[in-house]
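The structure appears below as structure tokens.
So you know, we letter chains A, B, ... as the sequences are listed, proteins then strands, and number each from 1. In what follows, every heavy atom counts, from backbone to side chain, and hydrogens, waters and symmetry copies are set aside.
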Amino acid sequence: MTAPIREHTGRGPLGKDEIAARIARDIPAGSYVNLGIGQPTLVADHLGPGAGVVLHTENGMLGMGPAATGDEIDPDLTNAGKVPVTELPGAAYFHHADSFAMMRGGHLDVCVLGAFQVSAHGDLANWHTGAPDAIPAVGGAMDLAIGAKQVFVMMTLFAKDGTAKLVRECTYPLTGLRCVSRLYTDLAVFELGAEGAVVVETFGISYDELAARLDVPLRAA
Amino acid sequence: MTAPIREHTGRGPLGKDEIAARIARDIPAGSYVNLGIGQPTLVADHLGPGAGVVLHTENGMLGMGPAATGDEIDPDLTNAGKVPVTELPGAAYFHHADSFAMMRGGHLDVCVLGAFQVSAHGDLANWHTGAPDAIPAVGGAMDLAIGAKQVFVMMTLFAKDGTAKLVRECTYPLTGLRCVSRLYTDLAVFELGAEGAVVVETFGISYDELAARLDVPLRAA
Amino acid sequence: MTTVCESTDEAVAGIEDGSTVLIGGFGMAGMPVDLIDAVIRQGAEDLTIVSNNAGNGDTGLAALLAAGRVRRVVCSFPRQSDSWVFDGLYRSGRIELEVVPQGTLAERLRAAGAGIGAFFCPTGVGTPLAEGKETRVIDGRAYVLEYPIKGDVALVKAHVADRVGNLVYRKTARNFGPVMATAATTTVVQVGAVAEPGDIDPEVVVTPGIFVDRVVVVPDRAGATS
Amino acid sequence: MTTVCESTDEAVAGIEDGSTVLIGGFGMAGMPVDLIDAVIRQGAEDLTIVSNNAGNGDTGLAALLAAGRVRRVVCSFPRQSDSWVFDGLYRSGRIELEVVPQGTLAERLRAAGAGIGAFFCPTGVGTPLAEGKETRVIDGRAYVLEYPIKGDVALVKAHVADRVGNLVYRKTARNFGPVMATAATTTVVQVGAVAEPGDIDPEVVVTPGIFVDRVVVVPDRAGATS
């Protein structure tokens with residue numbers, strides 16, 4: 001799946017919506033996909049009906065439609081972020097054990113998650129900052145991390161304080177080990193795995209600049 | 001539940017149908033009951049609609065009705081013995097994993113099974129004679145043996161060759177350990193358990209005669 | 001056998017101090033708010049609550065927590081924008097918390113209902129939530145051993161019941177209801193309506209009546225789920 | 001993604017020698033006879049068959065056995081009044097048999113579909129079927145450790161599918177279909193009819209389309225189940 005690296009230096013970094021669009025392009029038609037809470041839900045806007053993608057929400061539904069508006073809003077029909085949504089023709093409801101059995105059993109093709117940190121070999125930290133006064137809350141994050149055939153992460157490559165979020169080893173508490181296969185950021189797209197991080201594409205930055213800013217061994221695709 | 005022993009010596013042993021009726025009398029109204037293949041199915045004839053008993057069949061149904069006849073026969077609706085049956089109002093269908101989860105999880109009140117041998121402390125042997133040329137076939141026997149809150153066994157007390165089927169230790173391959181709570185036979189009704197066999201009632205035989213014919217320590221209720 | 005109760009107070013009668021109470025719902029969808037209110041009136045204390053969240057706003061589970069009846073919460077996601085009641089109790093050390101991954105929570109409840117003694121689960125391996133737990137590599141993959149969560153009581157909201165306790169749910173309000181119904185000694189269900197046996201097609205029953213001990217009708221109120 | 005096939009031959013194409021094939025049905029109820037006939041034509045050999053029984057009469061699974069395509073059968077109840085094909089092969093040592101308690105068979109299939117690595121099951125403890133297996137006492141009760149049964153292919157019979165693969169079944173013909181559909185890499189389903197998406201109410205779907213790879217319409221024939 002690795003093509004030669006594409007450096008897009010004649011433009012700026014991707015915006016959130018552009019990252020979402022870039023992810024949507026990598027989701028094959030006919031895939032079953034779970035989009036995590038927060039930014040990953042933006043990916044849905046770029047998966048038109050023609051994409052043939054079926055959305056799963058872990059609170060018990062396949063065939064989830066767009067967010068509900070006006071009279072469509074039904075308190076009994078929400079996504080995992082508790083946002084009212086709609087159902088599409090061909091949808092199915094099921095209970096929580098069945099929903100997570102579907103996930104844990106490896107039946108979802110792709111899951112898109114946000115992250116605090118991702119390691120070059122695919123470890124994920126996205127549930128807990130490790131702050132001593134934080135109330136721990138994991139939700140479905142750990143289930144999603146190990147459940148889908150492919151886990152994509154969507155995040156900015158650097159935190160607001162300039163710290164890189166792609167790291168050698170996660171310092172935040174882990175969500176899952178070696179589970180992330182692709183990392184989509186504002187500055188670059190990476191393939192992750194046992195061999196480390198491979199840069200597939202850059203945006204508003206050259207491969208060499210990127211390598212200089214990250215404390216992670218990189219390879220070009 | 002143990003009342004003083006009742007010796008019915010002024011009559012002969014119970015027939016199959018009378019054993020079934022005797023069992024039916026011990027099934028409380030509102031119970032969920034599974035009747036094993038073979039003789040135990042006779043118990044259903046003595047559980048009228050007024051008994052408020054709901055029958056489970058492990059191939060995926062609660063609310064099973066009587067055997068189907070004539071136009072009622074539907075190859076998609078059978079009991080565990082593959083005999084066509086009917087559905088009653090309030091029935092429910094479910095798949096095999098759910099059906100046996102219901103059983104294994106202890107949700108059934110009573111299960112009635114046949115047996116080759118039962119031990120005084122409630123071990124059950126009813127799936128295999130141990131004959132070297134027999135093809136092993138267990139079906140749901142082991143699941144039923146450990147699944148219901150109470151397991152009742154229905155059998156003749158002696159085999160055709162005169163051998164007692166209530167024994168100190170089963171010699172046939174076991175179906176379940178210490179799982180039978182009551183044993184209903186043509187000659188007597190027993191409670192079984194860690195303390196051994198307690199005779200509740202006899203038919204066509206006195207307690208003393210019974211004790212003389214069995215190589216099992218007995219107590220009178 | 002299923003009893004159709006006249007009131008939510010009758011439906012929750014007899015809950016003992018120290019009980020483990022399973023409470024359905026994901027956020028407000030499927031949350032049995034009226035049964036929880038009845039538990040507050042009923043008075044049981046020292047409860048362990050198993051639910052996906054730890055209360056929203058000041059009603060329902062949050063109100064039960066605020067009333068000081070809960071010793072311990074087992075859930076996947078206590079922290080929400082409106083979980084101030086739980087947050088306050090937790091930060092002041094007045095409530096215990098066990099965080100369980102959401103799918104593991106569902107599967108542990110299912111295991112309790114299905115008579116499974118324990119199961120090897122791949123979720124959480126190598127994370128803080130697996131610390132101290134038995135692990136094993138099976139067929140090249142690492143797993144954590146997880147145990148059943150059994151309830152004394154389950155409080156569930158369903159859409160319709162029939163008189164023998166068969167239940168159907170509505171959309172994503174189904175969530176934890178069906179597994180919790182199997183995992184408790186006594187399952188209490190609030191429904192929008194009770195139908196006659198046979199009114200629910202046997203093919204579409206989600207929770208068979210064998211799992212349902214008490215049913216009570218609570219008509220959906222406008223704003224009840226807001 | 002679900003493909004609606006034009007023929008049973010297309011539906012079973014590509015099954016490889018040595019595959020593990022899960023076959024639904026309990027006796028003839030839910031038995032995908034037409035798919036099995038297609039497998040006989042397709043020619044795969046050295047198969048492991050996982051099914052509740054080991055064939056009835058001379059058709060369906062019995063015909064597959066008679067054609068010499070099966071190396072091993074995993075089932076709960078091979079012996080039936082009309083299981084002469086299996087009986088003959090077994091007695092002459094030409095087929096291997098693993099007998100599994102029926103509920104354990106269903107749960108091992110579910111475990112495969114649900115990503116469970118192994119589970120402690122109370123069924124069969126102290127019996128010959130537990131010999132050589134790991135056991136453990138948990139909370140005072142004894143359990144046997146059981147492992148998932150994963151299929152390369154599942155052959156299932158359902159009542160109706162929609163074009164995205166959602167399935168509903170009919171009465172007790174449901175049996176092993178839903179769990180086998182989750183447990184195989186490729187799930188092939190014969191149905192009486194295919195409907196449009198939305199024709200099956202999302203509340204009553206038993207097997208969601210995510211588990212269904214190929215669907216083929218085989219109208220129920222008079223006598224097909226006799």
Side-chain angles (χ1 to χ4, degrees), chain A residues 37 57-61 64 68 73-87 91-106 123-128 130 133-147 170 172-179, chain C residues 24 26-30 52-54 56 75-80 83 86-87 90-91 97 99-111 113-114 121-130 141-142 159 169-182 206-207 220 224-226:
Chain A
I37 296 172
T57 181
E58 62 264 36
N59 52 317
M61 180 185 200
M64 180 175 66
I73 292 173
D74 180 336
D76 284 345
L77 179 48
T78 75
N79 66 14
K82 284 137 190 166
V83 176
V85 292
T86 53
E87 73 181 31
Y93 297 108
F94 29 82
H95 62 58
H96 244 81
D98 278 352
S99 184
F100 281 83
M102 187 181 290
M103 188 187 291
R104 195 190 308 108
D123 290 353
L124 173 66
N126 76 347
W127 75 287
H128 198 299
D133 65 335
I135 297 177
V138 69
M142 289 184 182
D143 312 271
L144 284 160
I146 60 93
C170 294
Y172 288 156
L174 286 181
T175 307
L177 286 172
R178 295 172 184 261
C179 54
Chain C
F26 183 85
M28 294 307 290
N52 190 61
N53 303 109
N56 303 73
C75 73
S76 88
F77 209 82
R79 189 186 63 220
Q80 300 193 272
S83 62
F86 173 83
D87 296 1
Y90 181 78
R91 291 193 196 284
L97 171 65
V99 174
V100 180
Q102 198 169 134
T104 302
L105 184 63
E107 190 71 11
R108 289 176 64 188
L109 290 161
R110 181 190 177 274
C121 183
T123 311
V125 169
T127 77
L129 295 189
R141 190 174 194 191
H159 184 45
Y169 299 81
R170 195 166 170 277
K171 303 186 183 284
T172 58
R174 185 183 303 196
N175 57 69
F176 281 93
V179 278
M180 287 184 170
T182 71
V206 174
T207 295
D220 263 327
T225 48
S226 68

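- For the set S76(C), A173(C), G177(C), S83(C), the count of heavy-atom pairs under 4.5 angstrom toward chain A peaks at S76(C).
- Counting only distance, with no hydrogens or angles, the side chain of T172(C) and the backbone of T78(A) share a donor-acceptor pair below 3.5 Å.
- N53(C) touches chain A through its side chain: at least one heavy atom from C-beta onward sits under 4.5 Å away, while N, CA, C and O do not.
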Show your working on side chain to side chain contact (heavy atoms under 4.5 Å, CB included) between I135(A) and F86(C) and close with a plain yes or no. CA-CA 10 Å; I135(A) 297 177; F86(C) 173 83; 3.9 Å; yes

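- From L77(A), atom CG reaches atom NZ of K171(C) across 5.5 Å, with rounding to the nearest 0.5 Å.
- Only the side chain of Y90(C) comes within contact range of chain A, judged by heavy atoms closer than 4.5 Å.
- To the nearest 0.5 Å, the span separating CD on Q102(C) from CG on N59(A) amounts to 7.5 Å.
- With a 4.5 Å cut-off on non-hydrogen atoms, L109(C) does not touch chain A at all.
- Of the atoms belonging to N79(A), it is backbone heavy atoms, and not side-chain ones, that fall under 4.5 Å from chain C.
- The line from CG of D76(A) to NE2 of H159(C) is 8.5 Å long, rounded to the nearest 0.5 Å.
- By number of non-hydrogen pairs under 4.5 angstrom with chain A, the leading residue of G27(C), C75(C), P101(C), A29(C) is P101(C).
- Interface summary for chain A: among L129(C), N175(C), T104(C), N52(C), the most heavy-atom pairs under 4.5 angstrom belong to N175(C).
- Interface remark: of the candidates D143(A), L174(A), T57(A), D143(A) forms the most heavy-atom pairs closer than 4.5 Å to chain C.
- Across every non-hydrogen atom of P173(A) and P128(C), the tightest pair is CB-CG, 3.7 Å.
- At a 4.5 Å heavy-atom cutoff, S99(A) makes no contact with chain C through either its backbone or its side chain.
- The distance from the OG1 atom of T127(C) to the CG atom of D123(A) is 11.5 Å, given to the nearest 0.5 Å.
- Options L144(A), V138(A), T175(A), D133(A) differ in how many heavy-atom pairs under 4.5 Å they form with chain C, and the most are formed by V138(A).
- Atoms SG and CZ, on C121(C) and F100(A) in that order, are 11.0 Å from each other to the nearest 0.5 Å.
- Only the backbone of V100(C) comes within less than 4.5 Å of a heavy atom in chain A; its side chain stays farther off.
- Formation of a donor-acceptor pair under 3.5 Å by the R104(A) side chain with backbone atoms of G103(C) is found in this model.
- Ring geometry for H96(A) against F26(C) counts as tilted: the plane angle lies between 30° and 60°, on a 0 to 90° scale.
- Nearest heavy atoms, G139(A) versus F77(C): N-CD1, 3.3 Å.
- To the nearest 0.5 Å, atom CZ of residue R141(C) and atom CD1 of residue I146(A) are 5.0 Å apart.
- Residue contact with chain A, scored on non-hydrogen atoms closer than 4.5 Å, involves the side chain of R91(C) exclusively.
- Ranked by heavy-atom pairs under 4.5 Å with chain A, the first of G124(C), A130(C), P122(C) is P122(C).
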